[in-house]
Protein chains: 2
Amino acid sequence: MTKKLLLKDVARLAGVSEMTASRALRGAPDVSAKTKAKIEEIARSHGYVPNRIAGSLSSQSVNLVAVVVPSLNSFVFPEVLSGISAVLKDSPLKPVVGISGYDLEEEESVIREMLSWRPSGLIVAGLEHTEATCRMLQQADCPVVEVMDVDGDPVRHCVGISHLQAGRDMAAQILARGYRRIGFIGTKMPQDFRARKRFDGFTDGLAAQGVTLSDIEHYSGESAIQTGRQLTAQMLARSPDLDCIYFSSDVMSVGGLMHCLAAGLTVPGDIALAGFNNLQILQGLPQQLATTDACRREIGERAAGIILQSRETGGTEGLVFDRLCPAISLGETL
Amino acid sequence: MTKKLLLKDVARLAGVSEMTASRALRGAPDVSAKTKAKIEEIARSHGYVPNRIAGSLSSQSVNLVAVVVPSLNSFVFPEVLSGISAVLKDSPLKPVVGISGYDLEEEESVIREMLSWRPSGLIVAGLEHTEATCRMLQQADCPVVEVMDVDGDPVRHCVGISHLQAGRDMAAQILARGYRRIGFIGTKMPQDFRARKRFDGFTDGLAAQGVTLSDIEHYSGESAIQTGRQLTAQMLARSPDLDCIYFSSDVMSVGGLMHCLAAGLTVPGDIALAGFNNLQILQGLPQQLATTDACRREIGERAAGIILQSRETGGTEGLVFDRLCPAISLGETL
DNA sequence: ATCGGTAGCGAAACCGTTATCGCTACCGGC
DNA sequence: GCCGGTAGCGATAACGGTTTCGCTACCGAT
């Protein structure tokens, strides 16, 4: 490990000034091809790695986009990230991920940390934040996009779907197919606002046609196939006359399907099942499960697009409020 | 959006010097409780967010740990990350993730980008890198840990399991249970070195007892249940006399199980199945699939531990080479 | 021969914070 | 009453680049 190599060292070795070396390595103009080649050669051979801390401080620009999501285990956010990465791919911007753990206090601290690096943009999942977080988002001098959800008041830009509507729509589909004894299995309510909204929309949609939920089960912790299977078993034991269960996540509905398989129940004959997200794990199972596509990838793409956009226009453009329309796929379980 | 608030503004408002404000906000000593309270109050009420770019440049320290993994969709790396996060939780260090996309050139560029931020540590998946990457890892003036794999020559520290051995062990288990007509279904070989090593170890383990693979299928693209199901169907159609299939990933073996379910094949009666990773999606399925636990979380924990360790000791300690022992669980499909 | 324009390069200021060192009260001990 | 020690605070110089501006050749056109 040689002592750290600075720009001034590269410059000295190349017999030029720091400025010329800086320009050459950044591909800036005003450097002759010959000089540039020489400097690049020296930098490469000596393994020079520029110090972006110093560079960013000086240029007052950081080519990073902060992305704050609740979790990476849930199967849903990695795909949002894919969308973001894809769009940022051929721009100088790079995504940086922070995890809030479905905790608004933690979210606040993660966002504060992120903003302290003065990123070129911030993408954050959800519309619910602490007061302090909202202030930071408002005052941030970079584009801010709240994603996933449109049911609420975004601070600035917003891209997502209406989970309230998604719940209502699924209720309508379920009722339209004649189910009336309906159960709901959902995830940790207080912290997952979108799941909560789907639940509210769902009960709302049922109520619109005079139907109330016959059974409800809430659980804490991450969604898992195993959990879905166990809770489905419990619920059906408790309420054997149910004819349909709506799960707040596909991961859970897969568990439901697994229980039915094991218990010899036909789906949707004995019991209909529906989930949410349209995760990839639904493909290849014994039956195509009913679900709502959460437009995860597209949300990521559009959010990244907004960041790029307002970079070009200098951020003096109007607000974007992008409400995507999630498609329900009925599969074979409704 | 108010014009950006600087430390000097906070200091002026509090009627103290920049230094005192800086000390107060960082919790450094030499500030009276009264002064500190006043400065903190002003900073909070005005929504001051410190500029960590400037701070890091000045203090020559960045409290970030760079983590470079091939993908976040594969179900496997998020759990490594969980382990890292958990250990870093109550230290000032924060993990920052970079995605290499199973591409060594991309990995090089991501690592270069990461190192240009002068992180406090670097954790990278795999032992195979471009020449330039290796030079960077050697010259990096922060602890470097290569994780997941121990079959090769680490640049510095290393934590992982032997995938070669994992393949061999699974071969031994399969042979011990009497299977002889064995197929293998594995992922994009040239880029996923660990899958390749499991394959090599597996064929090696079979060869040790005079058995050769009866059928082999390689595919490109991400692993998916659907893919596993289709390839299993194809392979069994082509080689109906197989009695066991080893998959390079649990995601694929789940697909295999789904095919058997659909085709009315009993497992392991008609065909035995085994995967790798011990992913959470194995829990709750109709049968407990055979697999090898890849120690993902523990690898993350130990890697983060090494970073913390060498931070305390000033990095003057010996190299760590941590070879974990993955446990095979036979489940009900072998 | 003169002149305007530009390609190529360098000197100095600056980005916003922290490290370092020095200074001033104020305190208790003798 | 003097003195050494320390708590509390401020001035200044980094940190390693980039921005800005200025300078020097050199070019073709007049």
Side-chain angles (χ1 to χ4, degrees), chain A residues 3-40 42-43 46-64 92 112-113 115-120 141-142, chain B residues 2-40 42-43 46-64 92 112-113 115-120 141:
Chain A
K3 66 210 72 173
K4 46 190 170 183
L5 199 63
L6 304 181
L7 181 63
K8 81 170 71 152
D9 300 317
V10 175
R12 186 168 27 76
L13 290 169
V16 297
S17 73
E18 285 184 54
M19 265 322 300
T20 302
S22 171
R23 278 195 270 254
L25 295 175
R26 276 178 301 140
D30 286 350
V31 185
S32 72
K34 200 173 139 192
T35 309
K36 181 172 173 181
K38 183 173 180 184
I39 293 170
E40 278 173 343
I42 290 184
H46 289 257
Y48 170 69
V49 179
N51 185 328
R52 222 167 284 262
I53 306 262
S56 297
L57 178 62
S58 178
S59 66
Q60 295 287 76
S61 76
V62 180
N63 286 334
L64 295 177
R112 190 187 311 283
E113 173 73 18
L115 286 180
S116 76
W117 289 100
R118 303 290 190 266
S120 294
D141 65 341
C142 67
Chain B
T2 349
K3 66 210 72 173
K4 45 192 173 182
L5 198 64
L6 303 181
L7 182 62
K8 81 170 72 150
D9 301 315
V10 175
R12 187 169 24 77
L13 290 168
V16 297
S17 72
E18 287 183 55
M19 264 323 298
T20 303
S22 171
R23 279 194 269 253
L25 295 174
R26 276 178 301 139
D30 285 350
V31 186
S32 72
K34 201 173 137 189
T35 309
K36 180 173 174 181
K38 183 173 179 184
I39 293 170
E40 278 173 344
I42 290 184
H46 289 258
Y48 169 70
V49 179
N51 185 327
R52 221 167 284 266
I53 306 263
S56 297
L57 178 61
S58 179
S59 66
Q60 295 287 74
S61 75
V62 180
N63 285 334
L64 297 176
R112 191 189 310 282
E113 172 73 18
L115 286 181
S116 76
W117 289 100
R118 305 286 134 103
S120 294
D141 64 343

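Reckoned from all heavy atoms, side chains included, excluding hydrogens, waters and symmetry mates. Lettering follows sequence order; numbering is per chain, from 1.
- Taking the C1' atoms of five terminal pairs at each end of the helix from C:dA1-D:dT30 to C:dC30-D:dG1, the two resulting helix axes are inclined by 40°, rounded to 10°.
- Between B:L6 and B:Y48 the shortest heavy-atom distance is C-CE1, 3.7 Å.
- Here A:Q60 reaches the OP1 or OP2 of C:dG16: one of its side-chain N or O atoms lies under 4.0 Å away.
- Not a single side chain to side chain donor-acceptor pair (under 3.5 Å) links A:N51 to another residue, sequence neighbours left out.
- Taking A:N63 as the reference, nothing meets the side chain to side chain donor-acceptor pair (under 3.5 Å) condition, with sequence neighbours excluded.
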Inset, instruction - Carefully, step by step, assess A:Q60 and B:K4 under the rule side-chain contact (heavy atoms from CB on, under 4.5 Å). - result: CA-CA 12 Å; A:Q60 295 287 76; B:K4 45 192 173 182; 3.5 Å; yes
Inset, instruction - Apply the test side-chain contact (heavy atoms from CB on, under 4.5 Å) to residues A:W117 and A:S56: give CA-CA distance (whole Å), side-chain angles for both, the deciding distance (0.1 Å), then the verdict. - result: CA-CA 10 Å; A:W117 289 100; A:S56 297; over 6 Å; no
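- Between A:K8 atom NZ and C:dA12 atom P there is a gap of 15 Å when expressed in whole angstrom units.
- In terms of the side chain to side chain donor-acceptor pair (under 3.5 Å) criterion, residue partners of A:T35 (sequence neighbours excluded) are, by chain and number, A:S32.
- Of the residues in residues 9-19 of chain B, those lying under 4.0 Å from DNA chain D by heavy-atom distance are B:V16, B:S17, B:M19.
- Interface residues of residues 28-36 of chain A facing DNA chain D, ordered by number: none; criterion, heavy-atom separation under 4.0 Å.
- Summarising the geometry, the separation between CD1 on B:I53 and P on C:dG16 is reported as 11 Å, rounded to the nearest angstrom.
- With hydrogens and angles ignored, the 3.5 Å screen pairs no side-chain donor or acceptor of A:S58 with any backbone N or O of A:A54.
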Output a table of donor-acceptor pairs, distance under 3.5 Å, between side-chain atoms of residues 23-31 of chain A and any protein atom two or more places apart or on a different chain; print 'none' if there are none.
from, atom 1, to, atom 2, distance (Å)
A:R26, NE, A:S22, O, 3.3
A:R26, NE, A:S22, OG, 3.2
A:R26, NH2, A:S22, OG, 3.1

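- When each of B:K34, B:K38, B:E40 is checked for a side-chain contact (heavy atoms from CB on, under 4.5 Å) with B:K36, only B:E40 meets the rule.
- At a threshold of 4.0 angstrom between heavy atoms, the contacts of A:L57 include nucleobase atoms, whether or not backbone atoms are also involved.
- For DNA chain D, the span of nucleotides reached by chain B at under 4.0 Å from its heavy atoms goes, 5' to 3', from D:dG8 to D:dG16.
- B:R52 meets the salt bridge (Lys or Arg N to Asp or Glu O under 4.0 Å) test with A:E113; sequence neighbours excluded.
- For A:T20, the side chain to side chain donor-acceptor pair (under 3.5 Å) criterion is met by A:S17, not counting sequence neighbours.
- Contacts classified as salt bridge (Lys or Arg N to Asp or Glu O under 4.0 Å) and involving residues 8-18 of chain A (residues at least two apart or in different chains) are given here: A:D9-A:R12.
- Residues passing the side chain to side chain contact (heavy atoms under 4.5 Å, CB included) test with B:L115, sequence neighbours excluded: A:V49, B:I111, B:P119, B:L122, B:M136, B:A140, B:C142.
- B:R23 comes within contact range of at least one nucleobase, with a heavy-atom separation under 4.0 Å.
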